[in-house]
Amino acid sequence: MADSIESLTKKEQKPHVATVEELREPATPQKYNLPTLEEVRAKLASLSKAGKQAQVRELITGFGVKKLSDIPREKYPELLEKVEVM
């Protein structure tokens with residue numbers, strides 16, 4: 001009899017169906033995946049040393065700020081993408 005109860009319980013178990021909230025991606029990437037200010041600064045410094053100071057300044061001001069440290073960390077990936085295009 002115990003065997004039949006176990007087999008019924010196993011048959012009744014349904015696979016987990018993910019909810020919309022579980023499937024939804026976070027609106028912003030997790031901070032631990034974002035580049036650090038030091039990493040971004042190093043990339044921009046290498047561009048500056050290569051004679052592209054004006055382009056670096058344009059990149060920074062293109063984010064509506066006067067200095068690199070004023071750019072929100074969430075925008076670093078976008079900034080680095082623009083650096084790669086240069």
Side-chain angles (χ1 to χ4, degrees):
M1 181 127 177
D3 291 331
S4 62
I5 293 175
E6 280 183 34
S7 63
L8 284 175
T9 326
K10 288 181 181 178
K11 288 179 185 177
E12 291 175 8
Q13 290 179 348
K14 296 179 181 177
H16 173 72
V17 177
T19 64
V20 173
E21 288 78 26
E22 290 173 330
L23 295 174
R24 188 173 292 145
E25 293 183 27
T28 58
Q30 297 297 322
K31 287 196 175 200
Y32 58 85
N33 288 334
L34 296 174
T36 65
L37 175 62
E38 292 76 22
E39 292 169 336
V40 174
R41 185 173 280 138
K43 289 273 190 183
L44 294 179
S46 67
L47 278 178
S48 290
K49 288 179 184 178
K52 297 185 177 185
Q53 294 92 347
Q55 290 92 333
V56 169
R57 175 64 42 204
E58 287 177 30
L59 279 174
I60 293 170
T61 57
F63 284 88
V65 298
K66 292 183 179 182
K67 56 186 179 178
L68 175 61
S69 59
D70 290 338
I71 297 175
R73 189 169 182 197
E74 292 78 26
K75 297 287 185 175
Y76 290 173
E78 182 182 342
L79 175 60
L80 290 177
E81 285 178 18
K82 291 180 179 188
V83 167
E84 295 300 321
V85 173
M86 294 180 76

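Owing to the predicted nature of the structure, the values given are computational and were not obtained by experimental measurement.
Atom NZ of Lys52 is separated from atom CE of Met86 by 5.5 Å, given to the nearest 0.5 angstrom. Note: Thr61 OG1 to Leu68 CG = 12.0 Å, rounded to the nearest 0.5 Å. The structure places CD1 of Ile60 at 12.0 Å from NZ of Lys82, a figure rounded to the nearest 0.5 Å. Remark: Lys66 NZ to Arg57 CZ distance equals 10.0 Å, nearest 0.5 Å.
Residues Thr36 and Arg73 are in side-chain contact: their nearest non-hydrogen atoms beyond the backbone lie under 4.5 Å apart.
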Apply side-chain contact (heavy atoms from CB on, under 4.5 Å) to residues Tyr76 and Leu37 and explain how you reach the verdict.
CA-CA 8 Å; Tyr76 290 173; Leu37 175 62; 3.3 Å; yes
Starting from the C-alpha separation in whole Å, work towards a yes-or-no answer on side-chain contact (heavy atoms from CB on, under 4.5 Å) for Leu79 and Leu44.
CA-CA 10 Å; Leu79 175 60; Leu44 294 179; 4.3 Å; yes
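Counting all heavy atoms, side chain and backbone alike, Gln55 lies closest to Gly51 at OE1-O, 4.4 Å. When all heavy atoms of Leu34 and Glu74 are compared, the pair lying nearest together is CD1-CA, 4.0 Å. Closest approach of Gln53 and Ser48 over heavy atoms only: NE2-O, 3.1 Å.
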